[in-house]
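Just so it is clear: chains get the letters A, B, ... in the order the sequence lines come, proteins before strands, and each one is counted from 1.
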Amino acid sequence: MTLPGWKELPEGAVVREPGNTVTISTGEWRVFKPVIIDEKCTRCRLCWIYCPDGTIIEVDDPNAPLGKRYEVDYEHCKGCGICWKECPVNAIEWVPEER
Amino acid sequence: MSLVEIRWHGRGGQGAVTASEITAIAAIDQGKYAQAFPSFGVERRGAPVEAFTRIDDKPIYIRTKVYEPDIIVVLDPTLLGPEIARGLKENGLAVVNTDKSPEEVKKLLGRDDIKVAIVDATKIALETLKRPIVNTAILGAFVKASGLVDLDHVLKAVKSKVPPRTVEANLEAVRRAYEEVVIA
Amino acid sequence: MITMVKMVRKALTTNYAVAHAAKDSDVDVIAAYPITPSTPAAEKLAEYVANGELDAEYVHVESEHSAASALVGASAVGARAFTVTASQGLIYMSEVLYIASGLRLPIVLGVASRALSAPLSIWGDMHDIAPLRDAGLIIYFVSSAQEAYDSVIQAFKVAEDPRVHLPAIVDYDGFIMSHVTEPVDVIDREDVLKYIPKKVTWNTLNPKQPISIGTVGDPDYYYEFKYQQQVAMENAVKVAEEADKEFEKMFGRGYGLIEEYRMDDAEVAMIAYGAHAGTARVAVDKAREEGIKVGLIKLRLWRPFPTEHLMKALENVSVVGVLDRAMALGAPRQGPVVKDVISMYASDPSKAPKVASYALAIGQRDVKIEDLVAVAKQLDEFAKGKEIPNKTICIGLRE
Amino acid sequence: MALKEVGPMEPIRTHMQIPREELIAPGHSACQGCGHFIIVRHLLKAAGPNTIVVNPTGCLEVVTTVFPYSSWKVPWIHVAFENGGSVASGVEAAIKSLQKKGILPKDERINVVVFAGDGGTVDIGFQSLSGMFERRHKVVYVLLDNEAYMNTGIQRSGSTPYGAWTTTTPVGKRWKGEWRVRKDMMQIAVAHHVPYAATINPAYPVDMYNKMVKALKAEGPAFLHAYSPCPTGWRFDPSLTVEVARMAVLTGYWVLYEYDHGNYKVTVPVLKRKPVREFVKMQGRFRHMTEEQIKKLQEIIDEQVEHINKLVGKTVIGPVVEEQKK
């Protein structure tokens, strides 16, 4: 891949696309991955709260209990395990990655 | 008119620097070119200080100190001595705050090739301002003796530089010295 | 053509002229820290804000480093930002000034140049500005309070130009300019703002269009961004020239990037800058009276260096003496400007006049007219074949 | 009925009310389990999109903004290491000036928030922060304290606790980790007469969120001292970040309190304190500590607790109660 030359780059090295690190995958960092067991989940939201990288996604779902469920953004989840440790009802399993 | 260089001698707190500035402000107001500057350094109340003014009809480019003044102005009588007159040009002018006679002043300065203009600026300042700040009084004498700047412009410049409540007293000091100066 | 612009002649020190220019440029944010000999300018700006003559935020920073930092922050929000400093203060700011240039923020500074410690010296020379030459700042040297006033206004014009977007410094001599009262024709703010309208073209922090300023440039990118700054500098030569011409058209005063005096038939020349360019001009007249065909080039824009202008001015000169006011210790020549003059001819040394390097007015050692007449005579001797010493000639130094 | 999510700058009663919108994107290169991001995520939610972030050099800066990428969805600026306070001062002054002149909308509130590390705050940025406080700039200054220079590889700072190993306080024949007591930044902030200062901790999100709201609403500078566990530098498993943070509170090592316009309040009382040993044993940086050193650290914590109890005028953080051995 060729990188842009000086004429094409923005003045002063500014980044004009806020939040564009979202295009970078950090999912490969994982050795273990969190797997949410929806049936066990009480919708307490603590995994969403404590995830440093915001990779637990709160999804509105009218058919789910309390109208929502939680998903993992595996594209970005680095596999730190905080959600797994903090889940008060053991609704998150800690599963080795297979690649 | 060609370049005229003036050196002011006083003690910190007497207003020599302000007098040099007022002179430049008045000259500039009158359409001339001028520079005014203090002796650059640390100023301390009571210590001898020097200030300088240059006046010309043409733009002034020179940026050196004044080594051979055309005029010296001495604000403090206790400073009188040959050192004060160093470099003063032949036929130059010394404007001095003193209660001594012109002859005595020439003798103290060690020069008989110069003109002196004397005025008791301390007395005038005490009577008008009630304080021994002599710079505006000596200005009146300087204006009369040098003929370099017009009194009106000097009075205007004084107004712009002195504290508002002392304006009248300062203007009075200038006018009185202008009248009382003795040139010899 | 001089248009009907209202001007008022005032008696101002260069410090006050610079503050006045900032006021007339309607600066939005000032962050200043007192340091001799620029302090009266910082005080005057405070006075303007205090009495309502200038509608700006005055940040009483706790250091020069913070002054520069606050200006970067302010400029990044879109404010016209200004400060004054000198000496240790400028050096303390220098880290942030490099960054301001890299971030392409058009802050403007007045610098009352002063010596650097040790030994401690509050007096004027250009040891402070000299090391800033590579920081990516536009640097003007000025020789009168009037030129300082005009140059601050021009500096905003150049710094804020979209082809440039770089910080700018107007450098004036500590004391021998900063504290000298002289006539200055000041321009109405309205007219100044016609010349430098408030228009933000640089990158700013705006919640409606969030951007990130001050990112990491890794080895894949850093080089290109540095080169962009170099291009901006190259553009600034032309922009500065245009700005000066437009200024002259509007206000009747222009300076050029260099100013030539009696260069038409000059066989030898002096290059001077700042206050001493004035004294050199008087010395040139005296030397001419003695039959020496000497001319003077006053360098006004130091960065970017007006190479073409200077080479052209020196075309017919056999020897040039560069009067420098700082000592680059341990370098082949001590002067900061002489090094630029020599390197102008790097690609074709055959075009170069012989170059004599002079150091003078170090720590405000006074320079007399006679000293510079002597330089002119010496240059004449060099032109006639006397060997030029292979080192900097120190004027006024006691052996 | 469950409480609804709130808008920016509104206090919450439960963590269920924290707004969903994320103002910092994933894909950044922070270490697994980095405490900074739990804090920053929620503080940005509390501040909302009308916020300018000033971020002096540090972990947070380098992991979020390597050109051509940025994780920040709010305007963000980095200038240098030691000038978060002064850059923010300039940003705030410019907003004020431009709003006054009508160049920026007069009625639109723009928050200015600094996120700085402990090096950039307690050491090299100390002077610029002090100036910002003293001049009363309306800025929320958040100290993300991971107790050492982590960005350059775990060197001690003025915030490194007694006993901690770092690469510049190594464990050797003569040195056994850090031997001095860290700076008390809360008291330093209070000494500047700031209207609001508080400690926060990512294990206590509601407390943290509400303190941010209070800080944003303060009429002058506000200071938030955030405890930010660093799995890499403190040597613990990344999954334990929140547990370590919580243990800091439960041992009285990190007391959650606030200074609100002259009034001190402990916001998370701990009536029975766990011994600091419980906190120490979770982290590799303390592994070398002797019983004597642990005792010394316990004394330091006891003293700190006593000091805070005095400030609030009652015993809100209780004595150490050893757990019964089973």
Chain C contact via D:Ile77 - which portion, at a heavy-atom distance below 4.5 Å: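 Both parts, backbone and side chain.
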Chain C contact via D:Val74 - side chain, backbone, both or neither, heavy atoms under 4.5 Å: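 It is the backbone, since no side chain atom gets that close.
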Which pair of non-hydrogen atoms, one from [X] and one from [Y], has the smallest distance, and what is that distance?
X	Y	result
C:Ser87	C:Asp128	N-OD2, 2.8 Å
D:Ala218	D:Pro195	CB-CG, 4.1 Å
D:Ala94	C:Val29	CA-CG2, 3.6 Å
C:Ser38	C:Asn15	CA-OD1, 3.7 Å
C:Ala155	C:Ala168	CB-CB, 3.9 Å
C:Leu97	C:Pro167	O-CG, 4.5 Å

Quick check - list every chain C-chain D donor-acceptor pair under 3.5 angstrom, one line each.
{"residue": "C:Asp26", "atom": "OD1", "partner": "D:Lys101", "partner atom": "NZ", "Å": "3.3"}
{"residue": "C:Asp28", "atom": "O", "partner": "D:Ser97", "partner atom": "OG", "Å": "3.0"}
{"residue": "C:Asp28", "atom": "OD1", "partner": "D:Lys101", "partner atom": "NZ", "Å": "2.6"}
{"residue": "C:Asp55", "atom": "O", "partner": "D:Lys101", "partner atom": "NZ", "Å": "2.8"}
{"residue": "C:Asp55", "atom": "OD1", "partner": "D:Lys100", "partner atom": "NZ", "Å": "3.0"}
{"residue": "C:His60", "atom": "O", "partner": "D:Arg135", "partner atom": "NH1", "Å": "3.4"}
{"residue": "C:Glu62", "atom": "OE1", "partner": "D:Arg135", "partner atom": "NH1", "Å": "3.0"}
{"residue": "C:Ser63", "atom": "OG", "partner": "D:Gln127", "partner atom": "NE2", "Å": "3.2"}
{"residue": "C:His65", "atom": "NE2", "partner": "D:Glu82", "partner atom": "OE2", "Å": "2.9"}
{"residue": "C:Ser66", "atom": "OG", "partner": "D:Ser86", "partner atom": "OG", "Å": "3.3"}
{"residue": "C:Ser69", "atom": "OG", "partner": "D:Asn83", "partner atom": "ND2", "Å": "2.9"}
{"residue": "C:Lys208", "atom": "NZ", "partner": "D:Glu108", "partner atom": "OE1", "Å": "3.3"}
{"residue": "C:Lys208", "atom": "NZ", "partner": "D:Glu108", "partner atom": "OE2", "Å": "2.4"}
{"residue": "C:Ile211", "atom": "O", "partner": "D:Trp76", "partner atom": "N", "Å": "3.1"}
{"residue": "C:Ser212", "atom": "OG", "partner": "D:Ser70", "partner atom": "OG", "Å": "2.6"}
{"residue": "C:Ile213", "atom": "N", "partner": "D:Trp76", "partner atom": "O", "Å": "2.8"}
{"residue": "C:Ile213", "atom": "O", "partner": "D:His78", "partner atom": "N", "Å": "2.9"}
{"residue": "C:Gly214", "atom": "O", "partner": "D:His78", "partner atom": "ND1", "Å": "3.0"}
{"residue": "C:Val216", "atom": "N", "partner": "D:Thr65", "partner atom": "O", "Å": "2.8"}
{"residue": "C:Val216", "atom": "O", "partner": "D:Phe67", "partner atom": "N", "Å": "2.9"}

Interface residue of largest heavy-atom contact number with chain D, from C:Leu103, C:Val77, C:Val96, under 4.5 Å: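 Most heavy-atom pairs under 4.5 Å with chain D: C:Val77.
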Most chain D-contacting option - heavy-atom pairs closer than 4.5 Å, from C:Ala79, C:Gly217, C:Ala68, C:Ala81: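 Counting heavy-atom pairs under 4.5 Å, the top option is C:Ala79.
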Any pair counted as salt bridge (Lys or Arg N to Asp or Glu O under 4.0 Å), so long as it reaches residues 67-76 of chain C, sequence neighbours left out: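 Matches after skipping sequence neighbours: none remain.
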Aromatic centroids of C:Phe225 and D:Phe67 separated by under 6.0 Å: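 Aromatic pair counts; centres sit under 6.0 Å.
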Let me know if [X] has heavy atoms under 4.5 Å from chain D in its side chain, its backbone, both or neither.
X	value
C:Ala76	side chain
C:Val200	neither
C:Ile211	backbone

Any side-chain donor near an acceptor of the partner, C:Asp161 and C:His165, under 3.5 Å: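 No - no donor-acceptor pair under 3.5 Å links their side chains.
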